[in-house]
Participant: 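Dropping a structure here in structure tokens format, bear with me for questions.
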Amino acid sequence: MSARTAPPGAVGPDPDETIAGIESALHSLARWLKQARLHDFMLKRAGVDIDQAGLALLYVLRDQNPDPRLTDLADRLRIDAPAVTRKAQQLERLGLVSRVRDAEDARASRLRLTAQGCQVIDQFLVARRCWLTQILSTWPGADRSEFARLLRQFTADIHDHLGELDECPLPSLPREPTLPPTR
């Protein structure tokens with residue numbers, strides 16, 4: 001019996017096959033959503049000109065309260081602090097963010113969206129929402145609601161398990177045999 005064939009009398013799909021299908025769909029989704037072509041399409045629809053890293057920073061700032069420190073942004077975005085600092089400087093020159101001194105630590109600064117920064121991220125989000133609305137327009141309302149519920153649940157579960165990545169060692173994977181060096 002192959003791994004893809006359910007045993008006689010089995011009910012429902014093989015769990016391994018289901019997980020493989022989810023994994024494949026997530027891989028495709030991540031690839032498609034990261035395409036520069038899609039990013040450029042959204043920017044054109046939104047009427048804004050900003051790179052993906054800048055948008056990510058604006059998006060996080062939009063949802064942060066109070067204004068976060070640069071180190072907090074680096075942690076949230078899972079990138080190093082110098083990269084956040086460089087991107088923040090660029091966004092500051094564009095007038096999309098401003099720096100304010102941290103009241104608790106004069107050595108630190110916090111970032112705040114400017115009115116122009118809010119407008120840029122809001123325009124992008126409206127364009128993205130219109131695109132998603134168009135994609136899901138043929139789905140029945142109940143399916144859209146169930147998809148939203150399941151996606152929120154899945155996202156929350158991923159978030160809950162991210163902390164385990166640092167705590168849990170990776171299982172050993174079988175290694176390919178190595179050949180002795182040739183002379």
Side-chain angles (χ1 to χ4, degrees), residues 3-4 6 10-80 83-84 87-88 91 96-97 111-113 117-171 173:
R4 296 206 178 271
V11 178
D14 178 4
D16 289 341
E17 208 172 290
T18 301
I19 295 298
I22 292 169
E23 181 183 32
S24 176
L26 285 174
H27 177 76
S28 295
L29 179 63
R31 236 183 32 247
W32 294 331
L33 291 179
K34 286 183 178 181
Q35 283 189 2
R37 192 174 85 189
L38 177 59
H39 178 73
D40 293 344
F41 171 79
M42 291 293 176
L43 291 178
K44 187 174 181 180
R45 277 193 133 176
V48 298
D49 184 22
I50 190 167
D51 63 11
Q52 287 179 319
L55 267 176
L57 196 68
L58 294 180
Y59 189 82
V60 170
L61 284 172
R62 182 179 179 273
D63 291 338
Q64 292 288 311
N65 196 11
D67 304 323
R69 291 181 181 184
L70 290 170
T71 53
D72 297 332
L73 287 169
D75 287 344
R76 175 90 190 269
L77 292 167
R78 296 189 174 272
I79 57 177
D80 64 352
V84 172
K87 187 50 63 179
L91 295 175
L96 302 178
V97 301
L111 280 187
R112 176 179 296 160
L113 275 178
C118 286
Q119 182 180 1
V120 166
I121 192 63
D122 287 346
Q123 283 176 232
F124 183 83
L125 293 175
V126 165
R128 187 172 66 185
R129 181 166 288 169
C130 288
W131 180 68
L132 288 170
T133 299
Q134 182 181 4
I135 289 171
L136 298 171
S137 66
T138 60
W139 289 33
D143 287 354
R144 286 193 309 265
S145 295
E146 181 68 358
F147 181 62
R149 185 189 70 75
L150 290 171
L151 200 52
R152 280 191 303 271
Q153 178 182 338
F154 182 70
T155 303
D157 289 346
I158 291 282
H159 183 266
D160 290 347
H161 286 85
L162 282 178
E164 297 172 8
L165 296 178
D166 297 329
E167 301 165 8
C168 182
L170 291 175
L173 297 175

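Heavy atoms only: backbone and side chains are in, while hydrogens, waters and symmetry mates are out.
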Participant: Identify, with sequence neighbours excluded, every residue that meets ring-ring contact (aromatic ring centres under 6.0 Å, His included) alongside F147.
Facilitator: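 With neighbours one apart ignored, the set is W139.
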
Participant: Which heavy atom in D80 sits nearest to a heavy atom in A74, and how many Å separate them?
Facilitator: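 Closest approach of D80 to A74, heavy atoms only: C-CB, 4.0 Å.
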
Participant: Looking at R45, I'd like to know if its CZ atom is crowded, meaning that more than 12 non-hydrogen atoms belonging to other residues, nucleotides or ligands lie closer than 6.0 Å.
Facilitator: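 It does: R45 CZ has more than 12 such atoms within range.
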
Participant: Could you tabulate the donor-acceptor pairs under 3.5 Å formed by side-chain atoms of residues 20-38, not counting sequence neighbours?
Facilitator:
| unit_1 | atom_1 | unit_2 | atom_2 | d |
| --- | --- | --- | --- | --- |
| H27 | NE2 | R31 | NH1 | 3.3 |
| S28 | OG | S24 | O | 3.2 |

Participant: Taking atom CG of L136 and atom CZ of R144, what is their separation to the nearest 0.5 Å?
Facilitator: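 Reported value, rounded in 0.5 Å steps: 7.0 Å.
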
Participant: Compare every heavy atom of A88 with every heavy atom of V97, then report the nearest pair and how far apart it is.
Facilitator: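 Of all heavy-atom pairs spanning V97 and A88, the closest is CG2-O, 3.7 Å.
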
Participant: Can you name the closest pair of heavy atoms from R128 and M42 and give their distance?
Facilitator: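 Heavy atoms of R128 and M42 come nearest at CA-SD, 3.8 Å.
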
Participant: Take I50 and L96, measure what side-chain contact (heavy atoms from CB on, under 4.5 Å) needs, and give me the verdict at the end.
Facilitator: CA-CA 10 Å; I50 190 167; L96 302 178; 3.8 Å; yes

Participant: Can you tell me how far apart CD (Q119) and CG (L58) are? Round to the nearest 0.5 Å.
Facilitator: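 Reported to 0.5 Å precision, the distance equals 12.0 Å.
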
Participant: Please report the interatomic distance CD1(I121) to CD(Q123), rounded to the nearest 0.5 Å.
Facilitator: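 Rounded to the nearest 0.5 Å, the CD1-CD separation comes out at 10.0 Å.
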
Participant: SG of C130 to CG of L125: how many Å apart, nearest 0.5 Å?
Facilitator: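 Between atom SG of C130 and atom CG of L125 there are 11.0 Å.
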
Participant: Nearest 0.5 Å please: distance from the NE2 atom of H159 over to the CG atom of L162.
Facilitator: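 Going from the NE2 atom of H159 to the CG atom of L162 covers 6.5 Å.
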
Participant: Roughly how far, to the nearest 0.5 Å, is the CG atom of D49 from the CG atom of L43?
Facilitator: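 The CG atom of L43 sits 6.5 Å away from the CG atom of D49.
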
Participant: If you count every heavy atom of other residues, nucleotides or ligands that lies below 6.0 Å from D51 atom CG, does the total exceed 12?
Facilitator: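 Counting neighbours around CG of D51, more than 12 heavy atoms of other residues, nucleotides or ligands fall under 6.0 Å, so yes.
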
